[in-house]
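Take a look at the structure below.
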There are 2 protein chains.
Amino acid sequence: MSHTLGIRQAQKQKTRQAFLDAALALLEEQSLSSLGLREVTRAVGVAPTAFYRHFRSTADLGVALVDEALGSLHPMVRTTVSTTGDSEERITRAIELISHHVDAYPAHVRFIARERHGGVQPVREAIREQLARFAQEVQTELAKDPEAEGWSEDDVLMLAHLYVDQMLITASLFLEALEAPEDERERVTQLATRQLRLITIGRNHWLD
Amino acid sequence: MSHTLGIRQAQKQKTRQAFLDAALALLEEQSLSSLGLREVTRAVGVAPTAFYRHFRSTADLGVALVDEALGSLHPMVRTTVSTTGDSEERITRAIELISHHVDAYPAHVRFIARERHGGVQPVREAIREQLARFAQEVQTELAKDPEAEGWSEDDVLMLAHLYVDQMLITASLFLEALEAPEDERERVTQLATRQLRLITIGRNHWLD
DNA sequence: TCATCCAGTTAACAACTGTTCTCCGGAATT
DNA sequence: AATTCCGGAGAACAGTTGTTAACTGGATGA
């Protein structure tokens, strides 16, 4: 299925990825709106003008980073919401998944949390779209559940947004606790678990 | 009780406030980490070096903005959570209050949402502290409620954090809908109301 | 009244920014 | 084999940045 790229295109994608990686690293200590084009090229080790061969602007680069950070996450979210089992098990699994994802891609998570309300409009818009897609996907998965019987479509979407926002809050908490001792990370796990549990209880009694 | 300031100190506070106002206006389209010192002084109409008479750095200015944006909000939160009445009434009143606050101080709200996970560590820390104070205050108010009987202290704090985060999410939604037509604002109100309602239901059945 | 204080000014510094235009050399195409 | 393509380099542009030092002049306090 995979198409073998020419030497040229392969090399281009390689340096493009180098731009994304370097930018992500630089963004650990600043926001996108203060990220300089020359700063990135310096980190990559290329001439400033090379930047324009890949992106129109740093805002454009930011949008590409949004796709990299969230684009590949959709199947993961779908399967997590729809996995079978006790609701308590599902909560535990979801939070473990978030925790592991933060461990594996901390810079990606930080970038999304930072730029979701950040100073660059096109990037905010791109994140908003991706999160709306998540909510929509969670909605369709929730709708399949027998639990959703009697729910209006709107209410399912409302709940889906609540879950997505809670997912982000939890990820951000794990991020802050990344270099903290184990018991702090455990505290976050407990907090997030109980919050998700409370939401689930609210869900179970919604139709009362 | 109020001490009359000398001409000198009064003038100083006046230009200091001008710095805060100008910065807040400039921050509508960028993040604090890209806000330049000269940019602010230019907007105020004063020499660049005058900045140092009031702040060590733009990060320092940011921390002052956090106090301005959140410092005076504590009594409001306390009374809102503890107001008597039907829980449905309380939800409606809380969301109205958020909506009006966003209308009255959109730049403040935008600043907090943007810099909560922003690129300037001292500012993040200042916001984190203020939000922790909010959560603590909500906790003590919730603990007074007869509803909280049988709840562990930890669980009340967990719920308080959930409320505070939900407050911020709602504020941010109203902010995005600020210049949108009335029906979009109404949609946000409906969404936030039902989310808060679901959380309240979860709260009512927590001890089952 | 006179000396002190201090918010704001002026001038200058080296270092940095985004962007344009021109060029190079190896890959791709014919 | 000859030609086109194109990712990257180089140099130069006018503007911008944070920070320093030494200053001015009106408010302050003795």
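Chain letters run A, B, ... following the sequence lines, proteins first, then strands; residues in each count from 1.
Other residues, nucleotides and ligands contribute only 12 or fewer heavy atoms inside 6.0 Å of the CD atom of Gln9(A).
Comparing atom distances between the Tyr52(A) side chain and each of dG18(D), dT19(C), dG10(D) picks out dT19(C) as nearest. When each of dT28(D), dT19(C), dA28(C) is scored by its nearest atom to the side-chain atoms of Ile7(B), the top-ranked nucleotide is dT28(D). With dG8(D), dT10(C), dA9(D) as the candidates, the nucleotide lying closest to the side chain of Thr15(A) is dG8(D).
If you measure from atom NZ of Lys12(B) to atom C1' of dG8(C), you get 11 Å, rounded to the nearest angstrom. As a whole-Å value, the separation of His54(A) NE2 from dT19(C) P is 16 Å. For the pair Leu35(A) CG and dT17(C) C1', the computed distance is 12 Å after rounding to whole Å. The CG atom of Leu5(B) sits 15 Å away from the P atom of dA27(D) (whole-angstrom rounding). Atom pair Gln11(A):CD and dA9(D):P shows a separation of 11 Å (rounding to whole Å applied). Between the CZ atom of Arg42(A) and the P atom of dA15(C) there is a distance of 13 Å, rounded to whole Å. What separates CD of Gln13(B) from P of dA7(C) is a distance of 12 Å, to the nearest Å. Between Phe55(B) atom CZ and dT19(D) atom P there is a gap of 15 Å when expressed in whole angstrom units.
In this structure, Ser57(A) reaches neither bases nor backbone, as no heavy-atom distance under 4.0 Å exists between it and the strands shown. Residue Arg56(A) is out of contact with every strand shown, counting any heavy-atom pair closer than 4.0 Å. Contacts of Arg16(A) with the nucleic acid, taken as non-hydrogen atoms under 4.0 Å apart, are absent.
Comparing Val46(B) and Gln9(A) by the nucleotide of DNA chain C that holds the closest heavy atom to each, the one mapping nearer the 5' end is Val46(B). DNA chain D is contacted by both Gly45(A) and Arg38(A); Gly45(A) maps to the nucleotide lying nearer its 5′ end (nearest heavy atom per residue). Remark on DNA chain C: of its neighbouring residues Arg53(A) and Leu37(A), the 5'-side contact belongs to Leu37(A), judged by nearest-heavy-atom nucleotide.
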Going through the distances and angles, do Asp21(B) and Arg16(B) end up as a salt bridge (charged side-chain N to carboxylate O under 4.0 Å, His left out)? CA-CA 9 Å; Asp21(B) 293 345; Arg16(B) 185 191 138 100; over 6 Å; no
So Glu129(A) and Arg133(A), salt bridge (charged side-chain N to carboxylate O under 4.0 Å, His left out) or not? Walk me through it. CA-CA 6 Å; Glu129(A) 280 172 18; Arg133(A) 267 187 63 197; over 6 Å; no
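Arg8(B) contributes a side-chain N or O that forms a donor-acceptor pair with the base of dC5(C) under 3.5 Å. The base of dT20(C) has none of its N or O atoms less than 3.5 Å from a complementary donor or acceptor on the side chain of Thr49(A).
In this structure, Arg114(A) and Glu29(A) approach most closely via the heavy-atom pair NH1-N, 4.0 Å. Ala23(A) approaches Leu65(A) most closely through the heavy-atom pair CB-CD1, 4.3 Å.
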